[in-house]
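This report concerns only the one structure given below.
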Amino acid sequence: MIPTSTVPVRITEVCLRDGSHAVAHQFTVEQVREVTRALDDAGMHYIEVSHGDGLGGSTLQYGRSLVDEMKLIEAAVEQCKQSKVAVLLIPGIGTVHELKQAHSLGAKLVRVATHVTEADVSAQHLQVARELGMEALGFLMMAHSAPVDVLVEQAKLMESYGAQAVYVTDSAGTLLPEQVQERVRALRNAVSCEIGFHAHNNLSLAVANTLIAIQEGATRIDSSVRCLGAGSGNTQTEALLAVLERRGVDLGIDLFKMMDLAEDIVAPIMHRVPEVNKGSLAMGFAGVYSSFLLHAERAGKRFGVDPRNILIELGRRKAVGGQEDMIVDVAAELAKQK
Ligand SMILES: CC[C@H](O)CC(=O)C(=O)O
Ligand SMILES: [Mn+2]
């Protein structure tokens with residue numbers, strides 16, 4: 001397989017943002033420094049640093065960060081000689097105020113993330129980011145949950161607001177290879193900006209789905225070293241790089257340095273191994289937000305309910321990001337029914 005686009009594939013390493021969910025937002029400045037230094041040395045293109053739910057996410061609802069994310073962004077920027085620091089922003093959780101602050105600390109790229117049907121709320125943030133001179137990309141979350149024509153229409157909206165790329169974001173790790181292919185192909189035929197792809201490994205399909213996305217022309221690819229991300233984690237960076245190299249695609253990122261970083265620096269800071277286990281598999285199966293896993297496990301313990309039943313019910317109710325309070329409601333209801 002050779003990438004079908006003439007634009008080079010660029011990787012955004014998300015372990016310090018999506019991985020924040022997996023460590024309950026407890027990253028320290030020293031951990032961010034060490035991981036960023038090693039990623040930069042390996043030649044990573046972009047390194048995303050924010051609370052797991054994006055700028056401003058440190059709240060009771062989403063989980064408080066141990067360290068103010070602006071301090072983490074600053075620490076990451078200080079370590080970068082070649083990589084660029086990126087941030088994630090969900091309008092309503094983060095505001096233009098936090099975006100400007102992150103930019104002033106040296107963040108060069110923002111992904112403005114909305115639910116797949118809510119692109120219209122991204123207009124202001126994408127425009128401000130462009131005015132600031134940042135790269136401004138749109139991130140359509142829970143991309144499985146809307147018909148392909150709706151995804152296309154929403155991507156076109158983001159492009160019209162100035163997005164330089166639009167992502168198919170498989171937040172639930174539930175898309176099958178043919179569904180990834182259909183979505184990326186449809187966007188490729190409808191927009192002129194770059195296409196991105198963000199996977200979760202809940203059905204053990206992340207690397208395969210990412211390869212298909214690249215084959216269909218996606219050039220902005222997300223991955224996390226050692227799979228450090230929500231649920232079963234994301235596309236594993238070092239595995240993706242190895243597979244691409246075997247396909248003759250060299251992204252300029254040092255594979256051995258990434259392997260060393262995975263084992264020597266990232267593995268020791270992980271609270272748990274992101275694996276395909278009963279909780280994450282239930283999320284992939286039911287199409288539930290990967291970041292709900294720890295919340296559902298906590299609620300399950302508190303109410304004496306199997307977290308899988310909570311997750312399946314959340315999938316049935318089509319819960320979207322931001323509805324974390326619904327997890328406790330569902331757990332309480334299931335406990336009553338027992
Ligand atoms: C809640 C934000 C979310 O973690 C963003 C993301 O990575 C996704 O939707 O997969
Ligand atoms: Mn994610």
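Order of appearance sets the numbers: ligands from 1, and atoms from 1 within every ligand. For reference, positions follow the sequence shown, starting with 1. Just so it is clear, the values below take in all heavy atoms, side chains as well, and ignore hydrogens, waters and symmetry mates. A quick note: this is a predicted structure, and the numbers were derived from the prediction, not measured.
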In the protein, what heavy atom is nearest to [atom], and what distance, to one decimal place, separates them?
| atom | answer |
| --- | --- |
| atom 8 (C) of ligand 1 | Ser171 OG, 3.5 Å |
| atom 1 (C) of ligand 1 | Asp53 OD1, 3.0 Å |
| atom 4 (O) of ligand 1 | His21 NE2, 2.8 Å |

Exercise for the section: Take Asn202 and Thr174, measure what side chain to side chain contact (heavy atoms under 4.5 Å, CB included) needs, and give me the verdict at the end. Expected result: CA-CA 7 Å; Asn202 301 335; Thr174 194; over 6 Å; no
Classify the side-chain pair [X]/[Y] by whether it contains a donor and acceptor separated by less than 3.5 Å.
| X | Y | answer |
| --- | --- | --- |
| Ser58 | Glu69 | no |
| Ser122 | Thr114 | no |
| Thr95 | Glu98 | yes |
| Ser223 | Thr235 | no |

What atoms of ligand 1 come closer than 4.0 angstrom to any heavy atom of [X]?
| X | result |
| --- | --- |
| His198 | 6 (C), 7 (O), 8 (C), 10 (O) |
| His200 | 10 (O) |
| Thr169 | 8 (C), 9 (O), 10 (O) |
| Met141 | 5 (C), 9 (O) |
| Gly52 | 2 (C), 4 (O) |

Exercise for the section: Give a yes/no on ligand 1: does Tyr62 have at least one heavy atom closer than 4.0 angstrom to it? Expected result: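 In this structure, Tyr62 fails to qualify as a contact of ligand 1 - no heavy atom is under 4.0 Å.
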Exercise for the section: Compute the minimum heavy-atom distance from Gly321 to ligand 1 and say whether it is under 4.0 Å. Expected result: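 In this structure, Gly321 fails to qualify as a contact of ligand 1 - no heavy atom is under 4.0 Å.
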Practice task
Examine Ser291 against ligand 1 and note whether any of their N/O atoms are separated by less than 3.5 Å.
Solution key: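 Not met; the criterion fails.
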Practice task
Examine Asp170 against ligand 1 and note whether any of their N/O atoms are separated by less than 3.5 Å.
Solution key: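 N/O-N/O distance under 3.5 Å: no.
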[X] and [Y] ion-paired at < 4.0 Å:
| X | Y | answer |
| --- | --- | --- |
| Arg317 | Glu313 | yes |
| Arg17 | Asp222 | no |
| Lys156 | Glu153 | no |

Problem - Polar side-chain atom of Ser50 near backbone of Gly54 as donor-acceptor pair, under 3.5 Å - result: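 No, because the side chain of Ser50 does not come within donor-acceptor range (under 3.5 Å) of the backbone of Gly54.
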Practice task
For the pair Gln164 (side chain) and Ala136 (backbone), establish whether a donor and an acceptor sit closer than 3.5 Å, ignoring hydrogens and angles.
Solution key: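 Here the side-chain-to-backbone pair exists.
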Practice task
State whether His200 contributes an N/O/S atom found under 2.8 Å from the Mn ion (ligand 2).
Solution key: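 Looking at His200, which is the residue asked about, there is an N, O or S atom under 2.8 Å from the Mn ion (ligand 2).
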Exercise for the section: Could you tell me whether the Mn ion (ligand 2) has an N, O or S atom of Asp18 under 2.8 Å away? Expected result: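 Of the N, O and S atoms in Asp18, at least one lies under 2.8 Å from the Mn ion (ligand 2), which means yes.
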Practice task
Specify side chain, backbone, both or neither for Ile90, according to which of its non-hydrogen atoms lie closer than 4.0 Å to ligand 1.
Solution key: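 It is the side chain that gets close, since no backbone atom is under 4.0 Å.
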Handout entry: Arg17 contact mode with ligand 1 (heavy-atom cut-off under 4.0 Å)
Key =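 Looking at Arg17 and ligand 1, just side chain atoms fall under 4.0 Å.
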